[in-house]
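A short worksheet on the structure shown next.
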2 protein chains.
Amino acid sequence: MGDVAAAVGVSKTTISRYLHGEYGYMSDETKARIEAAIKELGYRPNRMAQGLKSTVSNMVGVTIADIGNPFSSQMLKGIQQELRARDIQLLVSDSNNDPAIERANIEALLDAQVDGLIVNTVGGNDAYLTAYCTGGEPKPMVMLDRFVRPLVCDCVATNNHEATVEMLDHVAAQGFSHVVFVTRSDRGVSTRSIRREAVERYLAGRGTSGGGASADGVLGDGTSGDVSLDEGALSGEVLVYDGGVDDLRARLAAVVGERGVGRVCLFANNEESMRDVMEAMSELDGERGHVGVCAFADERWARYSGEGITCLDQQPVLMGRTVAKALLARTYDGGDDEASVAEAIAVDGVVVAARNDGHLLCEVPAQLHIHASTRL
Amino acid sequence: MGDVAAAVGVSKTTISRYLHGEYGYMSDETKARIEAAIKELGYRPNRMAQGLKSTVSNMVGVTIADIGNPFSSQMLKGIQQELRARDIQLLVSDSNNDPAIERANIEALLDAQVDGLIVNTVGGNDAYLTAYCTGGEPKPMVMLDRFVRPLVCDCVATNNHEATVEMLDHVAAQGFSHVVFVTRSDRGVSTRSIRREAVERYLAGRGTSGGGASADGVLGDGTSGDVSLDEGALSGEVLVYDGGVDDLRARLAAVVGERGVGRVCLFANNEESMRDVMEAMSELDGERGHVGVCAFADERWARYSGEGITCLDQQPVLMGRTVAKALLARTYDGGDDEASVAEAIAVDGVVVAARNDGHLLCEVPAQLHIHASTRL
DNA sequence: CTGTTAGCGCGTTCAG
DNA sequence: CTGAACGCGCTAACAG
């Protein structure tokens with residue numbers, strides 16, 4: 001900048017003004033000469049120095065629980081779309097599913113002077129995150145896909161409860177009599193526990209309204225024919241596995257064997273579990289064709305997996321765009337006004353609830369795509 | 001920092017020394033008091049200010065052609081592994097497959113004072129990238145998965161040629177008589193053109209050594225039984241499509257119809273084309289079971305796609321680790337010495353060639369995984 | 001063993 | 001219409 005100033009024969013101040021479009025009171029001549037000199041010398045302002053001065057770095061940080069997950073990359077895509085439009089840089093950290101790494105990443109991002117944070121927490125950091133958000137003058141934080149309870153900041157997630165119910169309704173309508181929700185253990189991952197609770201509540205509701213102890217799967221093997229409209233007929237259970245595919249296979253085999261082929265639908269919590277289910281079932285050959293499968297999964301892959309798997313697509317790109325919008329509004333647009341922030345976010349079907357604790361809860365609707373795997 | 005200094009009653013210099021471990025000549029007492037004060041005040045050094053001073057920001061930038069691609073996220077995972085170990089921050093930009101955006105991203109990353117760049121170019125920016133690398137004192141750049149010719153900087157890629165040949169050998173050995181390499185048009189994407197050339201060269205070579213105009217597929221429908229060792233029998237063609245799945249389906253139907261069912265193997269250039277092939281073939285029902293399919297694709301999905309698809313896995317995580325190692329060596333370890341850089345990188349099967357133009361060419365071996373889709 | 005000084009590249013008063 | 005001077009938070013001589 002000094003070089004440019006010297007070349008033109010003015011002071012750095014004038015250059016600075018030029019750069020910020022404050023040429024209201026600048027002679028057209030100096031303006032032209034500055035422009036020429038800048039092009040001539042290929043000068044570009046140092047954002048780092050600007051940031052040091054202005055206390056705004058124009059950078060935001062994001063920590064991702066597992067960046068190797070394709071779901072994560074879709075969310076990043078959405079985040080980038082919004083940030084690019086506003087010329088904000090994105091610092092990305094992978095937490096590798098380790099809470100300690102996540103904490104270190106957040107600290108490092110703050111040290112780098114990011115203006116705000118997007119956190120896709122690995123779980124198990126609730127105390128830390130709560131302390132951060134309730135501490136003194138924290139930089140804005142928005143949680144993505146996962147969150148802590150009670151809410152301590154804005155949060156973007158799938159409409160997990162409604163989506164789960166929609167899927168279970170579909171499974172019931174297809175005539176399955178027993179659903180098995182397959183998931184790895186919660187380990188503090190809010191998404192898993194919420195879906196699991198939704199399943200349990202659904203089954204309990206059906207059980208009581210349908211009469212009898214449905215948790216034991218009263219209606220089962222004997223029934224046949226068309227029960228597609230009898231939603232009350234669905235029993236089910238939650239299968240938590242952590243021992244790998246062999247463990248899963250043995251337990252699935254037991255369930256399928258007990259319930260009888262052709263009436264059971266497996267509902268995988270995410271793509272990882274979906275793959276595990278696929279692998280486990282691939283060796284239970286005889287029964288495979290008659291066991292239903294569905295999952296929270298990306299439509300683009302579910303569609304071509306095996307026979308084509310019915311899925312709930314979470315629209316991760318839209319989730320990314322939504323979380324970025326929220327953060328930008330809070331960080332750069334003085335977003336103390338919840339209503340205006342909410343308005344900017346609530347598009348493309350996203351539902352925004354402004355809570356009385358001052359935080360926003362943004363739900364991105366999952367979309368149900370039906371394929372061959374849930375045809376009985 | 002000033003606050004800490006004031007609290008302890010020393011100067012900022014002393015604090016700075018403490019932070020950098022230069023307490024060789026510092027009284028144990030002040031050391032202890034500084035430590036206490038830092039903890040007390042929760043002080044953390046401002047990396048931005050440090051960078052402004054030291055001309056090293058401890059940040060590197062990466063531009064990704066399409067970050068929504070799961071392949072990209074795996075590469076990012078690998079990059080992160082190496083950067084985390086050295087406490088370097090990563091600025092990520094998505095080019096959205098647009099050369100103009102890619103250029104803007106690179107400029108923006110440089111403005112943010114990154115110490116080095118990883119570029120997964122979208123193609124069509126050869127002139128720009130070459131100008132950058134050959135211009136005055138560029139920050140180190142390493143290209144990832146794609147590159148420009150002639151090489152202007154270090155480069156990490158799959159061993160595309162060898163891998164393609166390995167796959168074609170496999171297809172031939174399985175007894176297929178005709179291979180169709182399916183790809184979208186090159187559009188400056190080096191990976192595609194290299195693989196395509198490898199296919200063409202392979203087929204030409206087989207043609208001449210096998211005798212006769214094999215491009216017409218001399219050996220075809222008539223032959224039957226075991227030809228698994230007669231590799232000379234493979235003919236083939238390159239199918240470039242840009243018109244979407246319907247276009248592709250029509251052209252595939254023509255090829256399969258002409259060649260006769262059961263002898264043709266489709267070789268998709270990447271996962272995207274693999275999905276297109278799957279979708280296109282899904283409606284050519286009668287023939288589907290008898291057409292072979294293989295692709296450059298991630299083993300984890302190829303394995304569960306349809307019947308299980310034979311694939312060349314590019315080990316994207318390893319590619320990311322490799323490119324990060326190369327950049328770190330060049331950027332922070334004064335990597336003017338090619339030999340030492342190469343040594344640090346050449347592990348896990350990565351082959352590093354130090355060229356006489358001073359650039360490193362690092363090839364990460366693709367791994368062939370055989371599944372049902374190439375069983376005749 | 002520690003403090004003083006100068007300045008990294010820029011923005012921002014204030015005084016022309 | 002423009003410039004001088006100060007400071008953002010930190011580091012690196014050079015003095016003690």
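Below, chain A is the first sequence line, B the second, and so on; all start at residue 1.
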Nearest heavy-atom contact between B/C362 and B/I345 is SG-CG2, 4.2 Å
Can A/E29 and A/R33 be counted as an ion pair, charged N to O under 4.0 angstrom? yes
Closer than 4.0 angstrom, basic N to acidic O: yes or no for B/R84 and A/D98? no
Between its two end axes (five pairs each) the helix from C/dC1-D/dG16 to C/dG16-D/dC1 turns, nearest 10 degrees, through 40°
Whole angstroms only, please: what is the CG-C1' distance between A/N46 and C/dG7? 14 Å
Is atom CD of B/E40 surrounded by more than 12 heavy atoms (other residues, nucleotides or ligands) closer than 6.0 Å? no
Rounding to an integer number of Å, can you tell me how far A/N58 CG sits from D/dC8 P? 20 Å
Please determine if a side-chain N or O atom of B/T55 lies less than 4.0 Å away from the OP1 or OP2 oxygen of C/dC8. no
Heavy atoms of A/H359 and A/V152 approach each other most closely as NE2-O, 3.2 Å
side-chain contact (heavy atoms from CB on, under 4.5 Å) against A/A49, all qualifying residues, sequence neighbours excluded: A/N46, B/L52
Might you point out which heavy atoms bring B/E107 and B/Y128 nearest each other, and give the distance in Å? OE2-OH, 2.5 Å
Acceptor/donor pairs from residues 87-95 of chain B side chains to any protein atom, 3.5 angstrom cut, sequence neighbours excluded:
from: B/D94; atom 1: OD1; to: B/I67; atom 2: N; distance (Å): 3.1
from: B/D94; atom 1: OD1; to: B/N96; atom 2: N; distance (Å): 3.0
from: B/D94; atom 1: OD2; to: A/K77; atom 2: NZ; distance (Å): 3.1

Near-strand residues of residues 106-116 of chain B, defined as heavy-atom separation under 4.0 angstrom from DNA chain D: none
Quickly work out the B/K31 NZ to C/dT2 P distance and round it to whole Å. 10 Å
Per-nucleotide protein contact string for nucleotides 11-16 of chain D, where B marks a base within reach and S marks sugar-phosphate only (heavy atoms under 4.0 Å, - for neither): BBBB--
Calculate the interatomic distance between B/D3 atom CG and D/dC8 atom C1'; express it in whole Å. 14 Å
Between CZ of A/R44 and P of C/dG9 the distance, given in whole Å, is 17 Å
Here the distance between atom P of D/dT2 and atom OH of A/Y18, to the nearest Å, is 13 Å
What pairs of donor and acceptor atoms, side-chain ones from residues 108-121 of chain A against any protein atom, are under 3.5 angstrom apart with sequence neighbours left out?
from: A/D111; atom 1: OD1; to: B/R44; atom 2: NH1; distance (Å): 3.2
from: A/D111; atom 1: OD2; to: B/R44; atom 2: NH1; distance (Å): 2.5
from: A/D115; atom 1: OD1; to: A/S57; atom 2: N; distance (Å): 3.0
from: A/D115; atom 1: OD1; to: A/S57; atom 2: OG; distance (Å): 3.2
from: A/D115; atom 1: OD2; to: A/S57; atom 2: N; distance (Å): 3.2
from: A/D115; atom 1: OD2; to: A/S57; atom 2: OG; distance (Å): 3.4
from: A/D115; atom 1: OD2; to: A/N58; atom 2: N; distance (Å): 2.7
from: A/D115; atom 1: OD2; to: A/Y332; atom 2: OH; distance (Å): 2.5
from: A/N120; atom 1: OD1; to: A/A65; atom 2: N; distance (Å): 3.0
from: A/N120; atom 1: ND2; to: A/L144; atom 2: O; distance (Å): 3.0
from: A/T121; atom 1: OG1; to: A/E102; atom 2: OE1; distance (Å): 3.4
from: A/T121; atom 1: OG1; to: A/E102; atom 2: OE2; distance (Å): 2.7
from: A/T121; atom 1: OG1; to: A/G123; atom 2: N; distance (Å): 3.1

Please check if the side chain of A/Y18 supplies one atom and the backbone of A/T13 the other of a donor-acceptor pair under 3.5 Å. no
If you compare every side-chain N and O of A/T14 against the phosphate oxygens of D/dC1 (OP1, OP2), does one of them come in below 4.0 Å? no
Shortest non-hydrogen contact from A/F147 to A/S190? N-OG, 2.9 Å
